[in-house]
Amino acid sequence: MTSPTPSAGIPHTVSPSTLVVSAGRPERSPGASLNPALTLSSTYVSQGVPAADEPMYGRMDTPAWHAFEEALGALEGGPLPALVFGSGMAAIAAALSLVPPGGRLVLPRHCYQVTLGYAADLAERSGVGVTLVDIADTDAVLAAVRGDDDRPADLLWVETPTNPMLEVADLPALVAGAHEAGALVGVDNTFATPLVQRPFEHGADVVVHSVTKYLAGHSDVVLGAALATDPALHERLHAYRTMHGAIAGPFEVWLALRGLRTLALRVERAQANALELARRLAEHPRVAEVRHPGLPGDPGHARAAALMDGYGAIIGLRPAGGPQAADALVAAVRLWVPATSLGGVESTLERRRRFATESVTVPEDLLRLSVGIEDVEDLWRDLADALDRLEVGTSCVSR
Ligand SMILES: Cc1ncc(COP(=O)(O)O)c(C=O)c1O
């Protein structure tokens, strides 16, 4: 695919894997820096009323954000730059603020657990009607968006693939149906990244990212971003960021842009590793179930093949032997890191239901594997060795 909105000066025909390298660069001139400067200033010289594009105060705007915002805007293919936020949750809170007090919000029953928690909070504090849906069931989602009392939802929130169940939504059908009903559509594109899925191409109104994950990619920053196609929505997100002070530090943004430069290589390698590991795990006698949209037998496979440019690098794994076996596996790996979060260069795994706040419909024994960019044979040996040592239902035998 080619980008419809390239960064300034970059030809229209470049692919996303070129944009990650080329977008958000300073103007070219003899002796100019190839990389944007790291600007550390909370305030800027100003007299009278500053022009709209003139920086004045660091909570409102700072040049430190612009290169990253321009690059992510170009990658998502929308008409406007991204808005960087202090975390993915700050960006999500801004997007969910588009639902007015007393309004209606439809969101996946399986999505990032803190997004679910925030929706519950909105229900309690602002009287927002929240409906949880199986995002893969298009008819049920659209029925929920339409509502049964002539009160359509204000916002349909989509994660695809979902965290941690990896369900895949029919995004074009959901956007068309939601718009017909009068609802906005917001998509958390963290799992796919814009290299694999660009929700604006399917008509979504808002896209958010936990930049903490693949975009920054090195498990060293917490950061978020939100994008909108409509200037009025963009302005509302911008105003939310300014008023709530949900802003990013200049150094975090600088690190995220540095990480973004290798996104294509990292995602390509991580996805290839994930598909290979998912195939091998599916054959392993001590594995009860593997979820990965790249496996032909996975419920999300056909949709992912049709709508995405890849299958992502997350695997859902249920070892035979239940939650105890899952915990034992996490304790037994040596190369994989037992840790939360995802999307870093290193492979991590965790049992999601260890958190009391995770949805109760997520199986107790589900491990979420975030596959990194290490050598796939090393990753496999470590996992296979830990699986081989599982005494089903108890623990790992040490050797
Ligand atoms: C899909 C998804 N969206 C959003 C978030 C929240 O991002 P952050 O931790 O940067 O606030 C996460 C965090 O795990 C996530 O997995």
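What you see is a predicted model; the values in this text were computed from it and never measured. Both ligands and their constituent atoms are indexed starting at 1 by order of listing. This chain uses plain numbering: 1 for the first residue, then up along the sequence.
Clustering of Ile, Leu, Val, Met, Phe, Trp and Tyr by side-chain heavy atoms under 4.5 Å joins Val362 with Met165, Leu366. As a member of the Ile/Leu/Val/Met/Phe/Trp/Tyr network built from side-chain separations under 4.5 Å, Val141 groups with Val106, Val133, Ile135, Leu142, Val145, Leu156, Val158, Leu171, Leu174, Val175, Val185, Val187.
Tracing side-chain contacts under 4.5 Å through hydrophobic residues (I, L, V, M, F, W, Y), one reaches Val206 starting from Val114; they form part of the same cluster.
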### Task
Could you give me the CA-CA distance, side-chain angles and deciding distance for Arg368 and Asn163, then say whether side chain to side chain donor-acceptor pair (under 3.5 Å) is met?
CA-CA 9 Å; Arg368 187 185 69 192; Asn163 179 8; 2.8 Å; yes
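Residues passing the side chain to side chain donor-acceptor pair (under 3.5 Å) test with Arg280, sequence neighbours excluded: Glu276, Glu377.
Electrostatic pairing of Arg354 and Asp327 does not count as a salt bridge here, judged by no charged N lying under 4.0 Å from a carboxylate O.
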Starting from the N and O atoms of ligand 1, find every protein N or O within less than 3.5 Å and list the pair with its distance.
residue: ligand 1; atom: 3 (N); partner: Asp188; partner atom: OD2; Å: 2.6
residue: ligand 1; atom: 7 (O); partner: Ser210; partner atom: OG; Å: 3.0
residue: ligand 1; atom: 10 (O); partner: Gly88; partner atom: N; Å: 2.9
residue: ligand 1; atom: 10 (O); partner: Ser210; partner atom: OG; Å: 2.8
residue: ligand 1; atom: 10 (O); partner: Thr212; partner atom: OG1; Å: 2.6
residue: ligand 1; atom: 11 (O); partner: Gly88; partner atom: N; Å: 3.1
residue: ligand 1; atom: 11 (O); partner: Met89; partner atom: N; Å: 2.8
residue: ligand 1; atom: 14 (O); partner: Lys213; partner atom: NZ; Å: 2.9
residue: ligand 1; atom: 16 (O); partner: Asn163; partner atom: ND2; Å: 3.0

